[in-house]
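Worksheet: the structure to be examined is printed underneath.
Start at 1 and go down the list; that is how both ligands and their atoms are numbered.
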Amino acid sequence: MKTQIGYFASLEQYSPTDALEQAIRAEKVGFDSIWADDHFHPWYHENAQSAQAWAWMGAALQATKKAFFSTCITCPILRYNPAIVAQTFATLRAMYPGRVGVAVGAGEAMNEVPVTGKWPSVAERQDMTVEAIEVMRKLWESKEPVTFKGNYFTLDKAFMYTKPTDEVPLYFSGLGPKGAKLAGMYGDHLMTVAAAPSVLKNVTIPKFEEGAREAGKDPSKMEHAMLIWYSVDTDYDKAVEGNRFWAGCLVPSMFKYKVYDPKEVQLHANLVHSNTIKENYMCATNAEEMIKEIERFKDAGINHFCLGNSSPNVNAGIDIFKEIIPAVRD
Ligand SMILES: C[C@H](OP(=O)(O)OC[C@@H](O)[C@@H](O)[C@@H](O)CN1c2cc(O)ccc2Cc2c1[nH]c(=O)[nH]c2=O)C(=O)N[C@@H](CCC(=O)N[C@@H](CCC(=O)O)C(=O)O)C(=O)O
Ligand SMILES: CCCCCC(=O)CC
């Protein structure tokens, strides 16, 4: 499958206006896709933002010409009702045919707890995500009003009048082995987050493919997308510290426990050793080093990159891809 290079325009790290300028610039440089985080609270406290992703996507699609857009990712089970998620992405796809997808996953405490007070177990949230997808697809596809009584969601003669022009590609986020298998069973494509290449190659992708095969799908037609942060600067240490904003994602307890206060996440992020950032994210001083970093994950099986730009000079971190994209796209 052809490798695609996507730009992650972070609405947690940048103002919506700055993220929009980045998206426009990234498309001109040659990125294939643009992805936006869908958050209520951000992964850091100082200088953070948290604009609403769907509102931003409407503006960004209109301001660009051909790049594919998706959230990265939307949790369709607690603060959002899956029927409204389905309606939103049907509307965007109807207006921008071929350019809109949606990525879904089982959520993060920082987005759901502050506005719902609810935080079910991982297993229950995964179960809810699977049911949410069923609701979304029924609304997208049904030619008749839908009545549905699931374990979590209900539809009562619900009809989606503005349908997507064609199928909305659905990326399903799987980080753990069970999540990855569910992604293969219920998603069109895999979405995951930076992990050791050996884990991606030996656990995440095989589990995803196992799930796809069990559901009667052909895994070779399904993308393996991954969000990863990068930072480029001629001063290597500055490049590494550029990625600090996202260091909280490297702390396992952020997922295991109900942490939803960005100040607390930031305290943990600031304790992450710089070597951990170097190992898990991309830190580079020039295009050649970035190409090597991307190749490392291509070799592990990733074929759609969502690259979060944490470079000290953000525009330089986009422009350097004029040299990188032709070298890594096959
Ligand atoms: C926690 C793991 O679950 P999994 O279903 O695999 O993955 C969850 C993620 O998909 C979500 O948290 C997702 O919402 C995160 N996310 C995101 C994901 C992604 O791939 C790309 C970008 C983003 C950005 C983003 C996200 N979320 C948003 O709301 N907004 C965003 O913009 C996992 O490890 N699962 C394991 C099982 C783990 C387990 O059972 N652990 C505990 C039990 C703890 C408990 O019940 O509370 C245990 O070990 O005891 C698995 O195998 O699936
Ligand atoms: C390891 C999971 C990280 C999730 C990242 C996220 O929410 C940032 C957009």
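Any N or O atom pair closer than 3.5 Å counts here, and C72 shares at least one such pair with ligand 1. The distance criterion of under 3.5 Å between nitrogen or oxygen atoms is met by D38 with respect to ligand 1. Between Q126 and ligand 1, a contact under 3.5 Å exists for at least one N or O pair.
Only the side chain of N111 comes within 4.0 Å of ligand 1, counting heavy atoms alone; its backbone N, CA, C and O stay farther away. Contacts with ligand 1 closer than 4.0 Å are made by side-chain heavy atoms of H39 only, the backbone lying farther away.
Ring geometry for Y171 versus H304: interplanar angle over 60°, hence perpendicular rather than tilted (30 to 60°). The aromatic rings of Y161 and F159 sit perpendicular, their planes meeting at an angle over 60°, well past the 30° parallel limit. Relative ring orientation between F321 and Y230 is described as perpendicular, the plane-to-plane angle rising above 60° on a 0-90° scale split at 30° and 60°.
With respect to E295 and K292, no salt bridge is recorded, no charged nitrogen being found less than 4.0 Å from a carboxylate O.
Residues passing the side chain to side chain donor-acceptor pair (under 3.5 Å) test with Q52, sequence neighbours excluded: Y80. Under the side-chain contact (heavy atoms from CB on, under 4.5 Å) criterion, A109 pairs with V113, W119, K258, Y260, not counting sequence neighbours. Not counting sequence neighbours, the partners of E293 by the salt bridge (Lys or Arg N to Asp or Glu O under 4.0 Å) test are R296.
Each of the following atoms of ligand 1 lies closer than 4.0 Å to a heavy atom of D37: 32 (O). With ligand atoms numbered from 1 in the order given, ligand 1 contributes 9 (C), 10 (O), 18 (C), 19 (C), 20 (O) to contacts under 4.0 Å with heavy atoms of S173. Taking every non-hydrogen atom of K178 and a distance limit under 4.0 Å, the qualifying atoms of ligand 1 come out as 51 (C), 52 (O), 53 (O). Close approach of ligand 1 to L227 is summarised as follows: ligand atoms under 4.0 Å from at least one heavy atom of the residue are 22 (C). Numbered from 1 in the order shown, with element, the atoms of ligand 1 that lie under 4.0 Å from a heavy atom of T192 read 20 (O).
Every protein residue with a heavy atom nearer than 4.0 Å to ligand 2 is included here: F8, E12, D37, H39, W43, E108, L175, V193, W229, W246, C249, F255.
Around the CZ atom of F153, the shell of radius 6.0 Å holds more than 12 heavy atoms that belong to other residues, nucleotides or ligands.
For the pair M282 and F297, the minimum side-chain heavy-atom distance is below 4.5 Å. Between I277 and W229 there is no side-chain heavy-atom pair separated by less than 4.5 Å.
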